[in-house]
S.K.: 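Dumping the structure here so I can ask a few things about it.
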There are 2 protein chains.
Amino acid sequence: MTETTLRDRDARILGAVVDEFVQTAEPVGSRNLVKKYRLEISPATVRNVMADLEEMGFLYQPHTSAGRQPTDQGYRYYVDHLLPGPSLPSGQRRRLRQGIRDADLDALETLLEATSRVLSRVAHQVGLVVAPRIEVRVFRHVDLVLLRPGRVLVILVTRSGVVHHRVVEAPEVRSQAELEKMTNYLNGLLEGVPLVAVRERILAEMENERVQYDRLLRQALELGSQAVGGDEGGGQVYVGEPLRILEQPEFQDVEKMRQLFEAFERKGILLRILDRAVEAPGVQVSIGTENPVADLQGCSVVATAYGRDDRPMGALGVIGPTRMPYGEVIALVEYAARLLGQALERL
Amino acid sequence: MTETTLRDRDARILGAVVDEFVQTAEPVGSRNLVKKYRLEISPATVRNVMADLEEMGFLYQPHTSAGRQPTDQGYRYYVDHLLPGPSLPSGQRRRLRQGIRDADLDALETLLEATSRVLSRVAHQVGLVVAPRIEVRVFRHVDLVLLRPGRVLVILVTRSGVVHHRVVEAPEVRSQAELEKMTNYLNGLLEGVPLVAVRERILAEMENERVQYDRLLRQALELGSQAVGGDEGGGQVYVGEPLRILEQPEFQDVEKMRQLFEAFERKGILLRILDRAVEAPGVQVSIGTENPVADLQGCSVVATAYGRDDRPMGALGVIGPTRMPYGEVIALVEYAARLLGQALERL
DNA sequence: CCTTAGCACTCCGTCCTTGGGAGTGCTAGC
DNA sequence: GCTAGCACTCCCAAGGACGGAGTGCTAAGG
């Protein structure tokens, strides 16, 4: 990766090619470019420049004597150096605001899902939202329900109102009355503890003398520990209206579409990509082969963290073909993250 | 719909055409048919019969001088009269059993999802499962959690271990302690009441003198009522691995596929189709235009109820192109329903 | 040295034609 | 009522011609 800086005119032409190709999805030729973008030079000159840009790896021809299209590297340069100032048409702002505000008063899950959907609709791509990470979630309440002797349903509620539940084997538990006591004990013990610290807290409590002698308390801790165990994968991913992607011509091909949809099913993949945006500042753009997942050849992801600046909670973003209007999508994702952050603040 | 009965030979030919077309997805011609199915008559005779069958509406030609394919009516006759005895290859039985047994010990949701998935995989179509209807679900436990003053999270658990939750506005509620009392009260009141009867029970209790004078109890009932309200749509639908449908050549066309996927998103549509199978006895087969939803032109649904015979709980089925191996799929759906019923019994 | 006009060339996509294959319907004979 | 034979229809794949869009190169001009 040599960090090239293009001369002004060359950059302008690269920018024009990207803009044009994003718009039309057809290879762009010199003549057309000059006309549409009022470049004050002749097509022949543009051709020379294009040949240079191709040599540098920013453009390529799908076949000889066709127009040029941007390579991943071309898009990269465009994103890094040529983006117009971030401005979002007020119509889109409004739609985003409305979509997120409408779900605002509801539970967290609804809010996140609504956000992913409205992102999809406004961007004409597919919106993604990762639920707040386990680290920022705080224990609020636990409830134990005896389904039948030896089998207990553990319900866990976080401060933001997210409900987790899981069935746990507990052969020694026989009555709901026992569970009631355990519930009270656990609730008292864990009130306000961050979920990540719950296990630790429980282990510490195990040392407590009182616990050593009380079978019930020991069991309660055991249950509590099992309840939070294995929940590390906490990052639920919401995929909004995946069918939107069919609006993009590159996915008229069934095989391509299928690959992408398979990625959608494997939430782990999406999580991996979006997670990088949680830590990093600003909006992250992964273009085509830049992103680590082979199945997502030809796709780009624009993502950013949401939450307070000093304390990112999760990430959201948009996935679509590499041929995407980066300026617009970046502004969109940025704004959506701000709105979602605000909504969570209120929640 | 005139209820025609075909003469033996005609019926056999219709059956052969259906079998062959299901297998190859190509219009089938007379010559080929004779050879492959060892009909002891000449192609010319077969042609005559086919012409008759076409006139009766069982077959049609996509264009002159092409082979024949079954019409919806043709499939209907096949399903009603020509199905080979229901027998399921032991390999498929095993795969079904395994898929369902594996999820058996888990919570209900997991079980239902696993069932829809294994149906998809074994049938090479898309499996559908409707969660047990609200009528057969029984109240087990309720829990109220104060998220912040005036806003309460209501968690509802049914006997089978299904967890519902919802955020409810309750401006007067200010402390968790109040909620604790309400919780106990509601749990005592509703233990073992079928969900459909909960609201009724609550209304009856409202008349109770004790309640008239106790603000807390009134509020508790209010909350309980809101918690079950609007939950009529209880039938959650699980769609198993929709991408499987791409294995069928008819869905290589993006537009067709898109329509179907849109139907998958609108769970209401699927619910409507499957719900008919809950009441009806045996396996229901809706072929192409027979099913009430226009978007599902060209698709068939094979569905049946699961649960105890005298008390159906929900429905499951398979959706795919009209060109599907009905005999096999019917046997599959039947067996899956039995397995799921048994699994629920144990749960 | 950079720019540009001109020109020959390349490649794609479309349209048309052609020929073979699969299948039918009809007729006449058994 | 069944069947062999035959003429006919239609699709589909392959081949060829052609126009369009675009390029690269060369040579001339600033």
Side-chain angles (χ1 to χ4, degrees), chain A residues 6-14 16-71 74 249-250 252-253, chain B residues 6-14 16-71 74 249-250 252-253:
Chain A
L6 296 179
R7 287 171 38 204
D8 186 59
R9 193 184 63 181
D10 297 6
R12 273 188 49 217
I13 289 178
L14 174 57
V17 171
V18 171
D19 287 339
E20 180 66 8
F21 184 69
V22 165
Q23 209 184 314
T24 63
E26 299 288 333
V28 344
S30 53
R31 216 182 115 77
N32 245 311
L33 204 64
V34 170
K35 250 197 294 187
K36 255 197 164 167
Y37 290 77
R38 311 210 176 289
L39 308 175
E40 308 277 280
I41 47 185
S42 78
T45 309
V46 172
R47 280 201 290 281
N48 287 331
V49 174
M50 280 171 145
D52 293 348
L53 288 171
E54 179 162 9
E55 209 173 342
M56 288 186 274
F58 295 119
L59 297 179
Y60 81 101
Q61 296 179 281
H63 54 84
T64 2
S65 89
R68 303 302 208 297
Q69 12 180 307
T71 59
E250 22 273 284
Q252 287 309 94
D253 175 33
Chain B
L6 295 180
R7 287 170 36 202
D8 186 59
R9 194 184 59 181
D10 297 7
R12 272 190 45 220
I13 289 178
L14 174 56
V17 172
V18 172
D19 287 340
E20 180 66 8
F21 184 69
V22 165
Q23 210 186 311
T24 63
E26 299 287 332
V28 344
S30 53
R31 213 182 118 77
N32 244 311
L33 204 64
V34 170
K35 251 196 295 188
K36 256 197 166 167
Y37 290 78
R38 309 212 177 288
L39 307 177
E40 306 278 282
I41 47 185
S42 77
T45 310
V46 172
R47 281 203 289 281
N48 288 332
V49 174
M50 280 172 146
D52 293 348
L53 287 170
E54 179 161 7
E55 210 174 340
M56 289 186 274
F58 294 119
L59 298 179
Y60 81 101
Q61 297 177 281
H63 52 82
T64 0
S65 89
R68 303 300 207 296
Q69 11 180 310
T71 59
E250 21 273 282
Q252 288 307 94
D253 176 33

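Just the heavy atoms: all of them, side chains too, but no hydrogens, waters or symmetry mates, feed the values below. Small disclaimer: the values here were computed from a predicted structure and weren't measured. Chain A is the first sequence line, chain B the second, and so forth, proteins listed ahead of strands; every chain is numbered from 1.
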S.K.: Given D:dT23, is OP1 or OP2 found less than 4.0 Å from the side-chain N or O atoms of A:Ser30?
M.R.: yes

S.K.: Take B:Val46 and A:Ala66, find for each the nucleotide of DNA chain D with the closest heavy atom, and name the residue whose nucleotide sits nearer the 5' end.
M.R.: B:Val46

S.K.: List the atom pairs, with distances to 0.1 Å, where a side-chain N or O of residues 21-35 of chain A and a protein N or O form a donor-acceptor pair under 3.5 Å, not counting sequence neighbours.
M.R.:
unit_1	atom_1	unit_2	atom_2	d
A:Thr24	OG1	A:Glu20	O	3.0
A:Thr24	OG1	A:Glu26	N	3.2
A:Ser30	OG	A:Arg47	NH1	3.2

S.K.: Counting side-chain heavy atoms from CB outward, which of D:dT23, D:dC2, C:dG23 is closest to B:Thr45?
M.R.: D:dC2

S.K.: With the criterion being N/O to N/O and under 3.5 Å, what pairs connect the protein with nucleotides 27-30 of chain C, and how long is each?
M.R.:
none

S.K.: When rounded to the nearest 0.5 angstrom, what distance separates CE in B:Met50 from CG in B:Leu14?
M.R.: 9.5 Å

S.K.: Let me know the distance between CD of A:Glu55 and C1' of D:dT23, rounded to the nearest Å.
M.R.: 15 Å

S.K.: If we ignore hydrogens and angles and just use 3.5 Å, is the side chain of B:Gln61 paired with the main-chain N or O of B:Gly67 as donor and acceptor?
M.R.: no

S.K.: Rounded off to whole Å, could you give me the CD-to-P distance for the A:Glu54 and D:dT23 pair?
M.R.: 10 Å

S.K.: Looking at OG1 of A:Thr71 and CE of A:Met56, how far apart are the two atoms once the value is rounded to the nearest 0.5 Å?
M.R.: 11.0 Å

S.K.: Going from OH on A:Tyr37 to CG on A:Asp19, what distance comes out if it is rounded to the nearest 0.5 angstrom?
M.R.: 5.0 Å

S.K.: Would you indicate whether the side-chain heavy atoms of B:Phe58 and B:Val17 approach each other to under 4.5 Å?
M.R.: no

S.K.: To the nearest Å, give me how far apart CZ (A:Phe21) and P (D:dG22) are.
M.R.: 13 Å

S.K.: Where the side chain of B:His63 is concerned, which of C:dT3, D:dG24, D:dC10 is the nearest nucleotide?
M.R.: D:dC10

S.K.: Give the rounded distance in Å between these two atoms: CZ of A:Arg31 and C1' of C:dA5.
M.R.: 13 Å

S.K.: Over how many whole Å does the gap from A:Arg47 atom CZ to C:dA8 atom C1' extend?
M.R.: 12 Å

S.K.: Can you confirm whether B:Ile41 sits close enough to B:Val49 that some side-chain heavy atom of one is under 4.5 Å from a side-chain heavy atom of the other?
M.R.: no

S.K.: By nearest atom, which of the nucleotides D:dC2, D:dC10, C:dG25 is closest to the B:Ser65 side chain?
M.R.: D:dC10

S.K.: In whole angstrom, give the distance that lies between atom CD of A:Gln69 and atom P of D:dA21.
M.R.: 18 Å

S.K.: Once you apply a heavy-atom cut-off of 4.0 Å, does B:Thr64 come out as touching a base, just sugar-phosphate, or nothing?
M.R.: sugar-phosphate

S.K.: Using the C1' atoms of five pairs at each end, what's the angle between the two axes of the helix from C:dC1-D:dG30 to C:dC30-D:dG1, to 10 degrees?
M.R.: 20°

S.K.: Below 4.5 Å, heavy atoms only, C-beta onward: do B:Arg9 and B:Leu39 meet side chain to side chain?
M.R.: no

S.K.: Just the rounded figure in Å: distance from P of C:dA5 to CD1 of A:Ile41.
M.R.: 12 Å

S.K.: Please state whether the phosphate of D:dG24, meaning OP1 or OP2, lies under 4.0 angstrom from any side-chain nitrogen or oxygen of A:Arg68.
M.R.: yes

S.K.: I need the CG-C1' distance between B:Asp52 and C:dC26, as an integer number of Å.
M.R.: 14 Å

S.K.: Kindly compute the distance separating CZ (B:Arg68) from CG (B:Leu53), expressed to the nearest 0.5 Å.
M.R.: 8.5 Å

S.K.: Are any of B:Ser42's side-chain N or O atoms less than 4.0 Å away from OP1 or OP2 of D:dC2?
M.R.: no

S.K.: Side chains of A:Glu54 and A:Tyr60: is there a donor and an acceptor less than 3.5 Å apart?
M.R.: no

